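See below for the structure under consideration.
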Amino acid sequence: MTSTLITSALRPRLLAAALAAADRGWHVHPLRPGDKRPALHGEAHCPGTGECADGHRRWEQRATTTPDRIHRCWAHAPYNVGIATGPSHLVVIDLDVPKGKSEKDAPDGATTFSALCERAGQPVPATYTVRTAGGGRHLYFTAPSDLRLHNTAGTLGTHIDTRANGGYVVGTGSIVHGATYEVVHDAPVVPLPGWLLAALTPAPRPVRPLPRPVDNGRATAYAAAALRNETAAVASAPEGVRNSTLTRAARALGRLVASGDLPRVVVEEALKQAGEAAGLRERECVPTITSALNWSITHNPQGAPV
């Protein structure tokens with residue numbers, strides 16, 4: 001069978017898989033055909049048009065449940081299906097299998113997870129489960145509404161990772177190395193059990209005061225007030241608008257960086273600390289700040305007033 005015929009046969013199946021996931025309320029984005037990597041462009045190759053006209057949007061921001069958008073996207077190629085776990089309010093436990101000769105005698109993730117449940121005096125949770133292309137398992141849970149969980153690697157045990165805010169999983173129907181991700185337990189997605197939630201909840205981070213603007217002779221009173229007001233807005237932003245508030249603040253302050261009224265390093269550090277105070281992680285803050293500042297400076301080379 002030619003590659004064109006293979007593509008023609010796979011595209012409707014993968015489109016149906018993407019639509020089925022979206023129908024569950026799960027936000028999907030395209031992955032490269034036959035691969036696990038996102039198919040969307042990275043920041044370094046962002047054209048600055050379309051959805052990225054106001055700054056680069058990552059796969060998590062572009063993931064969608066809208067059928068029309070999904071139809072348009074999957075019309076281009078037989079993309080595998082990525083499920084953005086954060087926007088989908090999911091926590092997925094990834095039970096992997098050992099890889100390579102050095103791990104041939106190591107227990108797989110499923111064995112380790114069963115032992116973890118036994119030590120906790122808990123049954124292995126019965127929830128929606130997918131077999132991965134590599135022979136592992138993805139256990140799907142609904143995320144708690146009052147706590148923001150992030151990805152982990154090995155926190156629960158060897159060969160056990162989790163995907164939550166900032167992560168994604170390969171959805172059912174996707175094909176990698178000739179093997180298909182398949183549902184092996186078509187049960188309702190249950191809430192993450194409390195004992196697992198406790199194990200995945202990070203220790204509280206120390207609260208750091210917001211930085212005071214550095215007076216190096218360059219910052220005007222107006223610029224200092226703008227920095228103070230924008231960082232306060234970011235620090236107090238509620239979940240759901242934290243990233244957009246951070247982006248808006250960075251773009252506003254970027255104009256003052258372009259005009260020479262504020263040092264970029266001061267703005268970057270102030271916004272990063274404000275984002276962390278709002279509950280974002282450093283790895284979430286830094287790309288957003290960098291992208292928004294770059295966009296603002298590029299579009300305001302003369303430092304147009306805010």
Side-chain angles (χ1 to χ4, degrees), residues 1-24 26-40 59-60 63 70-71 73-86 88 90-114 116 124-141 151-154 156-164 166-189:
M1 184 179 292
T2 67
S3 59
T4 301
L5 290 176
I6 293 173
T7 296
S8 299
L10 287 180
R11 188 180 296 164
R13 288 169 46 190
L14 290 164
L15 169 61
L19 291 169
D23 191 54
R24 288 177 172 266
W26 298 345
H27 292 239
V28 301
H29 59 97
L31 305 179
R32 299 179 189 183
D35 205 312
K36 300 180 182 181
R37 293 172 294 175
L40 302 173
W59 53 263
E60 187 173 33
I70 295 169
H71 274 281
C73 177
W74 265 263
H76 294 286
Y79 294 121
N80 275 339
V81 181
I83 298 173
T85 43
S88 304
L90 291 172
V91 176
V92 176
I93 296 181
D94 177 13
L95 307 179
D96 207 352
V97 296
K99 297 179 177 66
K101 295 181 180 179
S102 62
E103 295 186 316
K104 66 178 181 179
D105 296 324
D108 61 15
T111 301
T112 303
F113 187 67
S114 294
L116 176 68
V124 175
T127 191
Y128 182 86
T129 304
V130 173
R131 182 179 63 227
T132 71
R137 294 289 188 273
H138 285 169
L139 278 59
Y140 285 57
F141 300 93
N151 304 328
T152 67
L156 294 178
T158 304
H159 296 306
I160 303 177
D161 298 336
T162 66
R163 294 293 178 264
Y168 70 90
V169 293
V170 182
T172 183
S174 300
I175 301 172
V176 177
H177 301 311
T180 303
Y181 283 68
E182 296 180 339
V183 178
V184 292
H185 189 51
D186 195 7
V189 178

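What you see is a predicted model; the values in this text were computed from it and never measured.
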Nearest heavy atoms of [X] and [Y], plus distance in Å:
X    : Y    : result
G157 : T112 : CA-CG2, 4.1 Å
V189 : T127 : CA-OG1, 3.5 Å
I70  : A22  : CD1-CB, 3.5 Å
L31  : D35  : CB-O, 3.8 Å
S114 : V124 : OG-CG2, 4.0 Å
P125 : F141 : CB-CE2, 3.6 Å

Verify whether the ring centers belonging to Y79 and W59 lie closer than 6.0 Å. no
Check: [X] side chain, [Y] main-chain N or O, donor-acceptor pair, under 3.5 Å:
X    : Y    : answer
R32  : N80  : no
T85  : L90  : no
N151 : A164 : yes
E182 : R131 : no
D108 : P98  : no
T180 : I175 : no

Look up atom CG in D94 and atom OG1 in T162, then write down how far apart they are to the nearest 0.5 Å. 9.0 Å
Drop me the distance from R163's CZ to I93's CD1, to the nearest 0.5 angstrom. 12.0 Å
Is there a side-chain contact (heavy atoms from CB on, under 4.5 Å) between Y181 and V176? Walk through the geometry before answering. CA-CA 8 Å; Y181 283 68; V176 177; 3.9 Å; yes
Worked check of side-chain contact (heavy atoms from CB on, under 4.5 Å) between H138 and T132: CA-CA 7 Å; H138 285 169; T132 71; 3.5 Å; yes
A side-chain contact here means heavy atoms from C-beta on lying under 4.5 Å apart; do [X] and [Y] qualify?
X    : Y    : result
V81  : W74  : yes
H185 : L139 : no
I83  : Y140 : yes
R24  : Y128 : yes

I160/L95 under side-chain contact (heavy atoms from CB on, under 4.5 Å): CA gap, chis, key distance, verdict: CA-CA 5 Å; I160 303 177; L95 307 179; 4.0 Å; yes
